[in-house]
Amino acid sequence: MLSMEEQKVLVEQILGSPLPQLDEIYMQGAKLYDTTAPNRFITPYLLSLLYTPFEMKLVLQLPGSAEEVAEKLGLETEPVREALDRLLRYGRLLPLKKGRPGYAPSVDVMTIRDQIGMAYNAQGLDWNQEMPLFRLMEAWRQMPNPPQALIDAIHGSFRVIPKYASIKHLPGVMYCENLREIMQSFQEVGKFALQKCVCRSYKSYLDRGEYSADHCQCGFHEHSPKDSHCMTFGTRADYAVEHFGGHYATQEELERCLKEIDESTAIVSAHNKRQIDFICSCCDDCCAMADLEHHGLPIRIPSRFRPSVKEDACVGCGLCESRCVFDAVHVENGTASIREDKCMGCGSCVVTCPAGALRMQVVHDVDWIPDYWADDNNWNIPGENTADYIEKLRAGQD
Ligand code: SF4
Ligand code: SF4
Ligand code: SF4
């Protein structure tokens, strides 16, 4: 953890001025982050760039509806609603679950970061006007030595989904780990959306001050400005289309996405549960999840699969080693071997082995994947398997 003095210098550098005098309300706001980010000198300064003092006051009353917040504070409802709607539109708040209209604060700066970036992309806003905010969020996120409470809170909240081509031949693949089936079933009911990758946008703007399609050298096609591999499903897809510049994917886009994901070294990840609402496919260069992992926050767990090496087939070409972003496969004395403690079961090495010497095996029982997150209040994710949800949509019951 940086000392208070070092954090102070960092904030002054980013703001480009001596520290401003902050309203007391931001100290109260910072308490929201006490567990996951204790002793962060940065937090109130970050909040002062996210919210006006009036907005911060409203946020401290959430979750709830505009009526509830107005009543708690003894204010007129309409100005409160207008302020909360504006915060929602610019990604500074989350919507409450369908069926209970209202707003929720995000006590996780990563989520705010993603929401704001998506709002900026969708509305074509000028990122450069908010650079101090974006830089403070990056500094907040990358603070070394994260507290154990934060590690516990986010450990395993995501899971790697194997490349489809690496597991398509295997029996017993679950719906929530079968990328083609997930994409296909949601596409058929018009609930599969694609949107521009916000991590790529952050990386590009923070490094170059502009969106740059050729910023990354990984060869992942998604980096052209018009393409996208950031996927949302169900109600979340509707929200992405309505608010974050997403579009519903065609069958052709689905096929192209799947092919490019298989060919690239991008890692596919989803929330670690059986209800699929979001899938990320990002290369190590820009992915915020990979970045968290490089900073000691193990946000993802491996898939249920791991490759085994057929030693007599391996020709020692080393392609698997160069494809593995987790440093989990090494070629020694002409034969590849897998580091079980490092392998995330992404299948990147399997799909391109020219000798067919790598084959995925199931290494974890189905219990590896939690059935349901009971406290997930932000999206309309039914408490049942996604496959059943799709059936309901097909039958027009949702
Ligand atoms: S592709 Fe992944 S890393 Fe990029 S914005 Fe989407 S979720 Fe984030
Ligand atoms: S890519 Fe296949 S053949 Fe080449 S070293 Fe790896 S396992 Fe062996
Ligand atoms: S060895 Fe590396 S590339 Fe292969 S499945 Fe494991 S993590 Fe992925």
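Computed from heavy atoms alone, side chains included, the values below leave out hydrogens, waters and symmetry copies. In listed order, ligands and their atoms are each counted from 1. For reference, positions follow the sequence shown, starting with 1. Computed from a prediction, not measured in an experiment: that's the story for all the values here.
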Participant: Where is the nearest protein heavy atom to atom 2 (Fe) of ligand 3: which residue, which atom, and how far?
Facilitator: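 So the nearest neighbour among protein heavy atoms is C324 SG, 2.3 Å.
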
Participant: Answer yes or no: is there an ion pair linking E78 with R81, defined by an N-O contact shorter than 4.0 Å?
Facilitator: yes

Participant: State whether a side-chain donor-acceptor pair under 3.5 Å links Q184 with E188.
Facilitator: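 A donor-acceptor contact under 3.5 Å links the two side chains.
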
Participant: With salt bridge (charged side-chain N to carboxylate O under 4.0 Å, His left out) as the criterion, how do E263 and K259 come out once you've worked through the C-alpha distance, each side chain's angles and the decisive distance to 0.1 Å?
Facilitator: CA-CA 6 Å; E263 287 171 356; K259 181 168 177 290; 3.1 Å; yes

Participant: Of the choices C346, C343, G345, which has the non-hydrogen atom that lies closest to atom 3 (S) of ligand 3?
Facilitator: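 Of the listed residues, C346 has the closest heavy atom.
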
Participant: Does a salt bridge link R274 with E177, judged by any charged N lying under 4.0 Å from a carboxylate O?
Facilitator: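 E177 and R274: not salt-bridged.
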
Participant: Tell me: protein heavy atom nearest atom 5 (S) of ligand 3, and distance?
Facilitator: G347 N, 3.3 Å

Participant: Specify whether F233 and F186 have parallel, tilted or perpendicular ring planes, treating 30° as the upper limit for parallel and 60° as the lower limit for perpendicular.
Facilitator: tilted

Participant: So, does M344 sit close enough to ligand 3 that a heavy atom of it is under 4.0 Å from the ligand?
Facilitator: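 Right, M344 reaches ligand 3.
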
Participant: Can you list the ligand 3 atoms lying under 4.0 Å from a non-hydrogen atom of F326?
Facilitator: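 The atoms of ligand 3 under 4.0 Å from a heavy atom of F326 are 7 (S).
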
Participant: Salt-bridge test for E55 and R86: reply yes if a basic N is under 4.0 Å from a carboxylate O, no otherwise.
Facilitator: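 A salt bridge is present here (some side-chain N lies under 4.0 Å from a carboxylate O).
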
Participant: Any link between L60 and M27 through a network of hydrophobic side chains (Ile, Leu, Val, Met, Phe, Trp, Tyr) touching at under 4.5 Å?
Facilitator: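 Hydrophobic grouping puts L60 with M27.
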
Participant: Please determine if E260 and R256 form a salt bridge, counting it only when a charged side-chain N lies under 4.0 Å from a carboxylate O.
Facilitator: yes

Participant: Please walk me through it: do S201 and Y120 pass side chain to side chain donor-acceptor pair (under 3.5 Å)?
Facilitator: CA-CA 10 Å; S201 304; Y120 266 67; over 6 Å; no

Participant: Number the atoms of ligand 3 from 1 as they appear, then name those within less than 4.0 Å of a heavy atom of C349, with their elements.
Facilitator: 1 (S), 3 (S), 4 (Fe), 5 (S)

Participant: As an exercise, state the distance from CE of M174 to CD1 of I167, rounded to the nearest 0.5 Å.
Facilitator: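 Here the rounded value is 11.5 Å.
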
Participant: Using a 4.0 Å cut-off to any heavy atom of S348, which atoms of ligand 3 qualify?
Facilitator: 3 (S)

Participant: At under 4.0 Å between heavy atoms, which part of P307 makes contact with ligand 3: side chain, backbone, both or neither?
Facilitator: side chain

Participant: Out of curiosity, is L358 lining ligand 2, as in a heavy atom under 4.0 Å away?
Facilitator: yes

Participant: Under 2.8 Å from atom 4 (Fe) of ligand 2, which protein N/O/S atoms are there?
Facilitator: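 Counting only protein N, O or S atoms under 2.8 Å from atom 4 (Fe) of ligand 2, the list reads C317 SG.
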
